[in-house]
Amino acid sequence: MRKDGMAVLENALREHYRSEREVEPLAADRKRKAADLAALAASERSPRPGRPTGPMRTALGSSPRAFWLAPAAVVALALALGLSGAPAHEAEAVLVASGPALAAASLAGVVRARSCGMQELEASCLHNSASVAFSRLMAFSISSLLALAVACIASARIIPASSSAAFSLAPFLLSAAGGLMLARKVPSADAAVAAVAWPAGVCALCILLKVAVPEAYCTAAVWIWAAAASAGALWLAREALRWMRLSAEGGCETAMPAPFCVL
C-alpha cells in the first residue's frame with residue numbers, strides 16, 4: 001500500500017475510534033437520564049400514604065368543596081345545641097331536618113355528572129362511570145352518616161340515642177332513595193333539581209308532622225321510625241344499584257315515542 005493510502009487509512013481508523021469513545025459516554029448518559037425519568041414517573045404514579053387513589057380520588061377531586069359544607073354545618077349546629085342545653089323539641093327538629101339536608105347535598109354531588117351530561121364521557125374513561133358513581137355514593141354516604149352520628153352523640157344529653165338515631169336516619173334514607181329514583185327517571189338536565197326537590201319535600205313533611213302531631217316523635221313511636229329507616233335502607237340500596245347500572249350505560253335515556261297524529 002502506498003504511503004498516502006496508509007495515512008488515509010490511519011486517519012479513518014483514528015476518527016472511528018475517537019467517535020466510539022465519544023458516543024459511549026453519550027449513550028450511558030442517555031440511559032441514566034431515561035432511568036431517572038422512569039423512576040420519577042413511577043413515583044408519581046405510586047399512591048401516597050393516606051391519599052385516596054383510583055375512582056375514589058376521581059370522585060372526590062371532581063366534587064366541588066361546597067358540597068362538604070352540609071356535613072360540617074350539621075355537626076356544628078348539633079354541637080352548639082348540645083353544649084347550650086337546648087330544649088328537646090329544638091334538638092329533635094334539627095335532627096329531623098339534618099337528614100334531608102344531608103341527602104340533598106349528597107345527591108347534588110352524586111347526580112352532578114348526569115345533570116351536566118357527562119355520564120357518557122365518564123363511561124369511556126379509565127375509571128368508568130359505574131365505578132366513579134359507586135365511589136361518589138360511598139364518599140357522600142359515609143360523610144353524611146358520620147355527620148349524623150356526631151349529631152346524635154352531641155344530642156345524647158337531650159334526646160336518647162335510640163330516638164335520635166331513628167329520627168335522623170329515617171328521613172335521610174328515604175330522602176336519598178327517593179331523590180336518586182327521581183334523578184334516574186327525569187331527563188338528565190333536570191336530575192339535580194329532582195334530586196334536591198324530593199329531600200326538600202321530605203323535610204317539609206317531617207317538620208309539618210312534628211308541629212301538627214308531636215306524638216309522632218315520642219319514645220313510643222321510635223319503632224315506627226326504625227321500621228321506616230329499615231325500609232329506606234333497602235330502597236336506597238335498590239336505587240343505588242339502578243343508578244350504577246344507568247351510569248354504566250352512559251346515562252342514556254330511552255327515546256320517547258313520537259306522537260301519533262291522525263291527518
Side-chain angles (χ1 to χ4, degrees), residues 52 56 59-60 62-112 135-180 182-183 192-211 214 216-217 221-222 225-226 228-230 232-233 235-237 239-240:
M56 184 65 72
L60 296 179
S62 61
S63 301
R65 296 179 180 177
F67 290 147
W68 306 105
L69 294 178
V74 167
V75 170
L77 184 57
L79 289 174
L81 290 176
L83 293 176
S84 63
H89 66 277
E90 293 183 5
E92 288 176 354
V94 169
L95 287 175
V96 169
S98 295
L102 289 172
S106 300
L107 290 177
V110 170
V111 307
R112 186 164 173 260
S135 300
R136 287 196 182 105
L137 285 169
M138 290 297 297
F140 284 107
S141 298
I142 291 173
S143 63
S144 299
L145 291 175
L146 285 176
L148 286 179
V150 173
C152 292
I153 294 172
S155 307
R157 293 191 303 175
I158 306 173
I159 309 172
S162 58
S163 300
S164 59
F167 295 158
S168 59
L169 270 180
F172 169 74
L173 294 172
L174 293 173
S175 298
L180 204 58
L182 287 184
V193 176
V196 174
W198 179 274
V202 172
C203 181
L205 181 61
C206 290
I207 296 298
L208 180 63
L209 184 64
K210 180 166 180 56
V211 173
Y217 291 90
V222 171
W225 289 97
S230 301
W235 187 17
L236 179 57
E239 291 301 327

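Please read all numbers here as calculations on a predicted model, not as lab measurements.
- Within the 3.5 Å criterion, the main-chain N or O of Ala165 finds no donor-acceptor partner in the side chain of Trp225.
- Not a single donor-acceptor pair under 3.5 Å links the side chain of Ser141 to the backbone N or O of Met138.
- Here the side chain of Ser84 pairs a donor or acceptor atom with the backbone of Ala80 at under 3.5 angstrom.
- Distance check: Glu239 CD to Leu182 CG gives 9.0 Å after rounding to the nearest 0.5 Å.
- Heavy-atom minimum distance, Ser164 versus Ile159: N-CG2, 3.9 Å.
- The nearest pair of heavy atoms linking Pro171 to Val202 is O-CG1, 4.1 Å.
- For the side chain to side chain contact (heavy atoms under 4.5 Å, CB included) test, residues two or more places apart in sequence or in another chain that qualify with Leu102 are Ala70, Pro71, Val74, Ser144, Ala147, Leu148, Phe172.
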Carefully, step by step, assess Leu180 and Leu137 under the rule side-chain contact (heavy atoms from CB on, under 4.5 Å).
CA-CA 10 Å; Leu180 204 58; Leu137 285 169; 4.3 Å; yes
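- With a 4.5 Å cut-off on side-chain heavy atoms, Val196 and Leu107 do not count as touching.
- The side chain to side chain contact (heavy atoms under 4.5 Å, CB included) test applied to Ala229 returns Leu169, Ala170, Leu173, not counting sequence neighbours.
- Summarising the geometry, atom CD belonging to Glu92 is positioned 9.5 Å from atom OG belonging to Ser155; distances are rounded to the nearest 0.5 Å.
- With a 4.5 Å cut-off on side-chain heavy atoms, Cys206 and Tyr217 count as touching.
- Looking at Cys152 and Ser168, their side chains come closer than 4.5 Å, going by heavy atoms from C-beta outward.
- For Ser162 against Val222, the heavy-atom pair with the smallest separation is O-CG1, 4.0 Å.
- Shown here for Ala228 and Leu174, the closest heavy-atom pair between the two residues is O-CD2, 4.1 Å.
- Between Ala194 and Ala183, the closest heavy-atom pair is CB-N, 4.4 Å.
- In plain terms, the two heavy atoms of Ala221 and Ala216 that are nearest each other are CB-O, 3.4 Å.
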